[in-house]
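Read through the structure below, which is laid out as structure tokens, and then see the notes.
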There are 2 protein chains.
Amino acid sequence: MNTQKLPGSTTLTLSMPTPKIKPPPAPPHARATIADVAREAGVSKATVSRFLNHRDTLLTPDIAARVEVAIAALAYSPSPMAQGLKRGRSRLIGLVVADVTNPFSVAVLRGAEKACQQAGYLLMLFNLGNDSRRESEAIKALTAYQVDGFILNTLGGDAGAAAEAARHGKPVVLVDRRHHDMQADFVSIDNVGAVLLGARHLVEAGYRELLFVSEPIKNVSSRMEREAAFRSFVSDAAPDIAGLHGSTFECTDDDSAGLDKALQSLRQRAEGRLSAVISSNAVVTLRVVAAMARLGWRLGADLGLVGFDETEWSPFIGPGLSSIAQPTDELGRLAAGCLIERLKGLDLPPRQILLSGRLVARGSSVPQASPVNLQT
Amino acid sequence: MNTQKLPGSTTLTLSMPTPKIKPPPAPPHARATIADVAREAGVSKATVSRFLNHRDTLLTPDIAARVEVAIAALAYSPSPMAQGLKRGRSRLIGLVVADVTNPFSVAVLRGAEKACQQAGYLLMLFNLGNDSRRESEAIKALTAYQVDGFILNTLGGDAGAAAEAARHGKPVVLVDRRHHDMQADFVSIDNVGAVLLGARHLVEAGYRELLFVSEPIKNVSSRMEREAAFRSFVSDAAPDIAGLHGSTFECTDDDSAGLDKALQSLRQRAEGRLSAVISSNAVVTLRVVAAMARLGWRLGADLGLVGFDETEWSPFIGPGLSSIAQPTDELGRLAAGCLIERLKGLDLPPRQILLSGRLVARGSSVPQASPVNLQT
DNA sequence: TTGTATGCGTTATCAT
DNA sequence: ATGATAACGCATACAA
């Protein structure tokens, strides 16, 4: 043990009493490893590991104490990477979002992130930028990182992608948009109820010619459900309400002219009856508002409007935007909560959690010409 | 090799011709490892690894081809976890955000996420929820995961935290808020220029009694810079402009009464001169708008307003909100870009990248009583 | 109760 | 040019 070769060390002898040949006392600012702690505490790595993971299996108080101080002294914390490699799980949760631009997504993100943090999970974010083709890419990248589970708020176009994740045994929770027959928890607003809330409100306010404006339905479940709910509301209620009529319109990002035309023909159809729009989310709402600005129409008076998603700016658009508020924070929290329960071992058939929306009535749904300055 | 013990396998012999004892051909849906590929291609793990990482060191075309098909056949992709453990880097970037609620943060996040994705990095998100005490917690959690670098948009109150990250050799880029004398790249809007843009615009429009409204300045650099810029604009310009006067106000989340009072005393001070507000970000802008709604004042006519941050809803608040647009997407992209350059080995002294803002003039900064309906 | 040894999936340092 | 092998930091089955 004495005459070992120390690479790169000449045998110059200084006035050091005991040469103390221990391996270089750890490079200045590298993270301490479990081995360092073990050495410091004079125990084996296994003991340290047990102290960390199985505090139930009794250790000698003496030893436990030594390990504890060593850990504190070295500011040791285990490497999640190594743990992940060994355990197969990572305390990471993958969050895939269709579009971070959408206020709804951000709000959900916010709730989910908070819940994850509290449970000691970190979030890996993947934004699709509304490009559904990248969905499977996202899942792949995230599974590569051994995320323990997924929160998905995607178009679900590439159903296979998410399904594969589930097949790998990773729990998945879908938010707002359900994928076709997937084994996964699902957290969403009660779309049927929410649409009813908005539609009834408009009818009660006196509007009769209704238009449901949505982003391209494609196969997005929430859009389909909302549109279907609107349609059936109209056909159910029409017999009882004189002059009630409804139609729908899909509005793309780049075709503002099309939207203008749709709104004009709406009022034309109305022939004196009051007409109104239900918009399927905040992005669409803003498009409708922009169209009305172009047309020089007044919210409420010339055209009623109730939009999905309550935002901080809803109160301040024109006479105030009436909206159908979603409990976004709660949705995010619940989604994360579901996932974490599963990760803790909960084994139940897929659940559906439907939260109800809340109507926030403002000036955009009152037909009487309203004073045009701001009001809360 | 024949009579080895297969744990849990009785020696029952079926009509299988060749027993083909190879280790269970991989549990159905586990990810393929480099060993699987090696076996499939009939080469060593080392060769596969070289094929992946050192395509420059020539491999026999024959072998390379075999490896290639094996990889494709098994849909193999390396485990970032294992790579991280071995290499010490993870292709992960930590993004710490003071407040995901702030539209500015989200916009930056969006730009950064895109750039990272393109460069093959994934984003780990940590939201502080405006709780600066959790800053070091965030850094710690993220370093634990071996993130290769940080993008920080935080209060910087806990300067030590970020500094420590830098000390660990991890590159750091600060967005919008610089920390006290930290060795890090810094990406931001040119605050002085931006404030000038807004202030000059208001003065040109005829406003004379100016109020700068900000969130609590604390030690946040961007808030300090903006406030200072406002102050020096006023003192510089006052000699040349009759009746010009300016003051500042810090507005907290919960004290709407205080804001109301501040605005009222502003108009009182004005004594007939036109008064206006510059707000330091979108959150504050909304607070000011809310206050004006409470007071029943008209934007532009009763009080001028120019706010930092252009949003999708800016055009539709009252007569349109005049704003100082920040190139948020670009800021995010640049931040990520800086970081990735560093990760590629670039070794330069810390850079400062300042982008200039753009004034978007709308109705909220024209004093003439404007038609109250929406206009773009 | 504690220590020893092995393996998780990679990469890198040796040989060959 | 390719193959065996030893880490990386940790958890665990097994031995003591």
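Chain A is the first sequence line, chain B the second, and so forth, proteins listed ahead of strands; every chain is numbered from 1.
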* To do: Select base, sugar-phosphate, or nothing to describe what A/L52 touches, counting heavy atoms under 4.0 Å on all strands.
  =>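 No contact.
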I need the single residue from [options] that forms a side-chain contact (heavy atoms from CB on, under 4.5 Å) with [X]. Which is it?
X	options	answer
A/L122	A/I93, A/L92, A/V147	A/L92
A/L334	A/I353, A/V175, A/V173	A/I353
B/I34	B/S49, B/S79, B/P78	B/S49

* Asked: Starting at the 5' end of DNA chain D, which residue's closest nucleotide do you reach first, B/T57 or A/T47?
  -> B/T57
* Could you pick out which residue, A/V48 or B/A64, lies toward the 5' side of DNA chain D when each is mapped onto its nearest nucleotide? => B/A64
* To do: Determine, for B/D185 against B/R351, whether the closest basic-nitrogen to carboxylate-oxygen distance falls under 4.0 angstrom.
  =>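 The answer is yes: the pair qualifies as a salt bridge.
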* **Under 4.0 angstrom between A/H54 side-chain N/O and D/dT12 OP1 or OP2** =>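 Indeed, a polar side-chain atom of A/H54 lies that close.
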* Asked: Can you find a side chain N or O atom of A/S49 that sits less than 4.0 Å from OP1 or OP2 on D/dA11?
  -> yes
Between [X] ([atom1]) and [N] ([atom2]), how many Å, whole number?
X	N	atom1	atom2	result
B/R50	C/dC14	CZ	P	14 Å
A/R91	D/dC10	CZ	P	16 Å
A/Y145	C/dT10	OH	C1'	14 Å
A/R39	C/dG3	CZ	C1'	16 Å
B/F51	D/dA1	CZ	P	16 Å
A/L74	D/dG9	CG	P	14 Å

* Asked: Hey, is the side chain of A/R31 pairing donor to acceptor with the base of D/dG9 inside 3.5 Å?
  -> no
* Asked: Do B/N153 and B/S105 have a side chain donor and acceptor closer than 3.5 Å?
  -> yes
From [options], nucleotide with atom closest to [X] side chain:
X	options	answer
A/A46	C/dG3, C/dT11, D/dC10	C/dG3
B/T33	C/dG9, D/dT12, D/dT2	C/dG9
B/K45	C/dT2, D/dC10, D/dT5	D/dT5
A/N53	C/dT2, D/dA11, D/dT2	D/dA11
A/S44	C/dG3, D/dT2, C/dT10	C/dG3

* To do: Return the residues of residues 81-89 of chain B meeting this criterion: a heavy atom under 4.0 Å from some atom of DNA chain C. Order them by number, or give none.
  =>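 Per residue number, the list reads B/A82, B/Q83, B/K86, B/R87.
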* Gap separating the CG atom of B/L123 from the CG atom of A/L123, nearest 0.5 angstrom ->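 One finds 10.5 Å between CG of B/L123 and CG of A/L123.
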* Which distance, rounded to the nearest 0.5 Å, do you find between the CE of A/M124 and the CD1 of A/I151? ->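 Result: 13.5 Å between the selected atoms.
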* **Of B/Y76 and A/L59, the one whose closest DNA chain C nucleotide lies more 5'** => A/L59
* Of all the heavy-atom pairs spanning B/Q146 and B/G84, show the shortest one and how long it is. => NE2-O, 4.4 Å
